[in-house]
Number of protein chains: 2
Amino acid sequence: MEVKSNILEATSNKNNAFDNFFKSAFTVDNIIFGFDEADLKVLLIKRGEIPYENQWALPGNFVYQDENLDTAAKRVLAELTGVKNVHLEQVKTFGSVGRHPFGRVITIAYYSLIKISDYRLHVSSIAQEAAWHSLSDVKGLPFDHDEIFAACFNRLKLNIKRQPIGFELLPPKFTLTQLQHLYEAILEEKLDKRNFRKKILSMDFLIDLNELQEGVAHRPAKLFKFDKERYRRLYEEEGFHFDVAPTKHKKK
Amino acid sequence: MEVKSNILEATSNKNNAFDNFFKSAFTVDNIIFGFDEADLKVLLIKRGEIPYENQWALPGNFVYQDENLDTAAKRVLAELTGVKNVHLEQVKTFGSVGRHPFGRVITIAYYSLIKISDYRLHVSSIAQEAAWHSLSDVKGLPFDHDEIFAACFNRLKLNIKRQPIGFELLPPKFTLTQLQHLYEAILEEKLDKRNFRKKILSMDFLIDLNELQEGVAHRPAKLFKFDKERYRRLYEEEGFHFDVAPTKHKKK
DNA sequence: GTAATTAGTGTAATAGTTACACTTTGTGAA
DNA sequence: TTCACAAAGTGTAACTATTACACTAATTAC
């Protein structure tokens, strides 16, 4: 009771102190994005519990008593995929009164980006089953998960233009075409090939590895890697602004 | 007990169900910005309660049981200032384990923008006393309020370049110089007068009222107003990008 | 060796950004 | 009434970034 009564001392005396200590729970949801050469995917779990048992939903879990929020989000990811050390971003907190049928639940939404090749489904208490879904399949989710998903995808769209986070979704060595397809998938528009290459190379943080793609039935592409150190030196203070013309974009 | 036990059914069975229902509280903080002709200000309250009694802190309060998060943030603002219908934005949620000395407290941080002239200190249960502070005075705040403040100010800096929110801080009729000073205060850099005017006028959502400033001991400036409808029509889909050269900015 | 497939490349027109300094219009004091 | 003061208001040329656009090169599979 000690914690409770102390918190209540700090509360407004206009209200009954107990009003501020109602039954509630808080959770994190972590929207996990992956990219598989062609499409942007999201990892959904099949719920093993009521409510909405057996429906596909965003992965999430309660935050433990002695656990920070970011840690909880990382734990959800790690338990589900075994992947650690990823790009993680807190997006928005959802706490409408009626959003959970069983009571007041506040959910802090994160997204994270992983290399889909690193993914290996783990036996996990969080989910019965997990699977990658195309973005277009992500609708009709339970709770307010459609809204949460939209907020996270939206944030990703904004961030991709200002931070070098695309590389988190690609293997360490990638071709410029793969990178372009990734940008196109996130931004949901086709980009002009020459302008894309000119722009991204002019930013000067990609290193040409002088290696060629193998095992493709056409002219092999050069492989590049992202130079994080160089990025830091060049852009740490000012940041960048990636904006390339979609193909056949009409001028006003 | 009904709510509690139902939520607990939905929880992971790997953990003791009660672990997910520990003693906790959640609050909103609302960082209230105002602009007084020259400087950007923040409204701080003098805490009337332990911990940190009598220290200046960010305004905040518990979220009530039947209250949405945004509503709670608006309530904090209204109780403190009487101002309603403002620009409000959720910024980030803070929930580190040790951030509150009395127990686990999750805080959802918002900022809001008000016209300082509308402000009138209300008798309020939230604060003993409230006062505007210059940005440079906002440091050494209790809890992790320095970090919360930084996150909100940062967000404001980003948003001012992409949304027409500056007008929320100015009277309905304002001069271009006032507007420029506001941008300078938020961005923390001096801007070039001619470039600023050219850019903001070219955006085509300011209306020249054909009225002049009164009561100044120099050439009076023209008054403008922001045309919200026109803004919507022009920018609803694409948004804008406000970026004007600081004065004497050196090129690389 | 030829068809299929994707990689890779340059330029001119246009649009946007930047740097920069003097004239105008009002007030208020002598 | 005029002069000092203060801030308002204004244009342009140089530079930089963005856009639109189509063919040749390299490889594999048959």
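Note that the structure is a prediction, hence the values are computed from the model and not measured. The sequence lines fix the lettering, A, B, ..., with proteins before strands; numbering per chain opens at 1.
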How does each nucleotide of nucleotides 24-30 of chain D score, in 5' to 3' order, for protein heavy atoms under 4.0 Å: base (B), sugar-phosphate only (S), or none (-)?
-BBBSS-

Residues two or more places apart in sequence or in another chain: which of them pass ring-ring contact (aromatic ring centres under 6.0 Å, His included) with A:Tyr183?
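Partners of A:Tyr183 under the ring-ring contact (aromatic ring centres under 6.0 Å, His included) test: A:Phe196, A:Phe242.
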
Mind listing the residues from [range] sitting with a heavy atom below 4.0 Å of DNA chain D? Number order is fine.
range: residues 160-167 of chain A; result: none
range: residues 175-184 of chain A; result: none
range: residues 199-207 of chain A; result: A:Lys199

Quick one: salt bridge (charged side-chain N to carboxylate O under 4.0 Å, His left out) partners of [X], sequence neighbours excluded?
X: B:Arg197; result: none
X: A:Arg230; result: A:Asp204
X: A:Glu129; result: A:Lys46
X: B:Glu184; result: none

Where the side chain of A:Asn195 is concerned, which of D:dC21, C:dA19, D:dA8 is the nearest nucleotide?
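Per side-chain heavy atoms of A:Asn195, the pick is D:dC21.
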
Could you state the [atom1]-[atom2] distance from [X] to [N], rounded to the nearest angstrom?
X: A:Asp192; N: C:dT9; atom1: CG; atom2: C1'; result: 12 Å
X: A:Lys190; N: D:dT19; atom1: NZ; atom2: P; result: 18 Å
X: A:Leu191; N: D:dC21; atom1: CG; atom2: P; result: 16 Å
X: A:Asp208; N: C:dA7; atom1: CG; atom2: P; result: 15 Å
X: B:Phe196; N: D:dG9; atom1: CZ; atom2: P; result: 13 Å
X: B:Gln213; N: D:dA6; atom1: CD; atom2: C1'; result: 12 Å
X: B:Asn210; N: D:dG9; atom1: CG; atom2: P; result: 12 Å
X: B:Arg197; N: C:dA19; atom1: CZ; atom2: P; result: 18 Å

Does the ring centre of A:Phe174 sit less than 6.0 Å away from the ring centre of A:Phe167?
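Distance test on ring centres: under 6.0 Å, yes.
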
Quick one: the side chain of [X] and the base of [N], do they pair up donor-acceptor inside 3.5 Å?
X: A:Lys193; N: C:dT6; answer: no
X: A:Arg194; N: C:dA7; answer: no
X: B:Lys198; N: D:dT10; answer: no

Assign B:Lys222 to base, sugar-phosphate, or nothing according to its heavy-atom contacts below 4.0 angstrom with the strands shown.
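The answer is sugar-phosphate, as B:Lys222 gets under 4.0 Å only of primed atoms, P, OP1 or OP2.
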
May I have all residue pairs that pass salt bridge (Lys or Arg N to Asp or Glu O under 4.0 Å) and include part of residues 212-226 of chain B, sequence neighbours excluded?
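Qualifying pairs: B:Asp208-B:Lys222.
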
With salt bridge (Lys or Arg N to Asp or Glu O under 4.0 Å) as the rule and sequence neighbours excluded, what pairs involving residues 159-172 of chain B come up?
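Those involving residues 159-172 of chain B are B:Lys161-B:Asp243.
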
Going by atom types alone, do A:Asn30 and A:Ser112 pair a side-chain donor with an acceptor below 3.5 Å?
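Yes - a donor-acceptor pair under 3.5 Å links their side chains.
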
Please list every donor-acceptor pair under 3.5 Å in which a side-chain atom of residues 138-151 of chain A meets a protein atom from a residue at least two apart or in another chain.
unit_1: A:Lys139; atom_1: NZ; unit_2: A:Ser136; atom_2: O; d: 3.2
unit_1: A:Asp144; atom_1: OD1; unit_2: A:Arg99; atom_2: NE; d: 3.4
unit_1: A:Asp144; atom_1: OD1; unit_2: A:Arg99; atom_2: NH2; d: 3.0
unit_1: A:Asp144; atom_1: OD2; unit_2: A:Arg99; atom_2: NE; d: 2.7
unit_1: A:His145; atom_1: ND1; unit_2: A:Leu58; atom_2: N; d: 3.2
unit_1: A:His145; atom_1: NE2; unit_2: A:Asp29; atom_2: OD2; d: 3.2
unit_1: A:Asp146; atom_1: OD1; unit_2: A:Gly140; atom_2: N; d: 3.3
unit_1: A:Asp146; atom_1: OD1; unit_2: A:Leu141; atom_2: N; d: 3.2
unit_1: A:Asp146; atom_1: OD2; unit_2: A:Gly140; atom_2: N; d: 3.0

Would the distance check show the side chain of A:Thr175 and the main-chain N or O of A:Gln178 forming a donor-acceptor pair, the cut-off being under 3.5 Å?
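Side chain of A:Thr175 to backbone of A:Gln178: a pair is present.
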
Donor-acceptor check, side chain of B:Gln90 to backbone of A:Thr93, threshold 3.5 angstrom: yes or no?
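Yes.
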
If you count every heavy atom of other residues, nucleotides or ligands that lies below 6.0 Å from A:Lys115 atom NZ, does the total exceed 12?
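Buried by this count: over 12 neighbours within 6.0 Å.
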
Heavy-atom count around B:Lys228 NZ within 6.0 Å, excluding the residue itself: above 12?
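12 or below, so no.
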
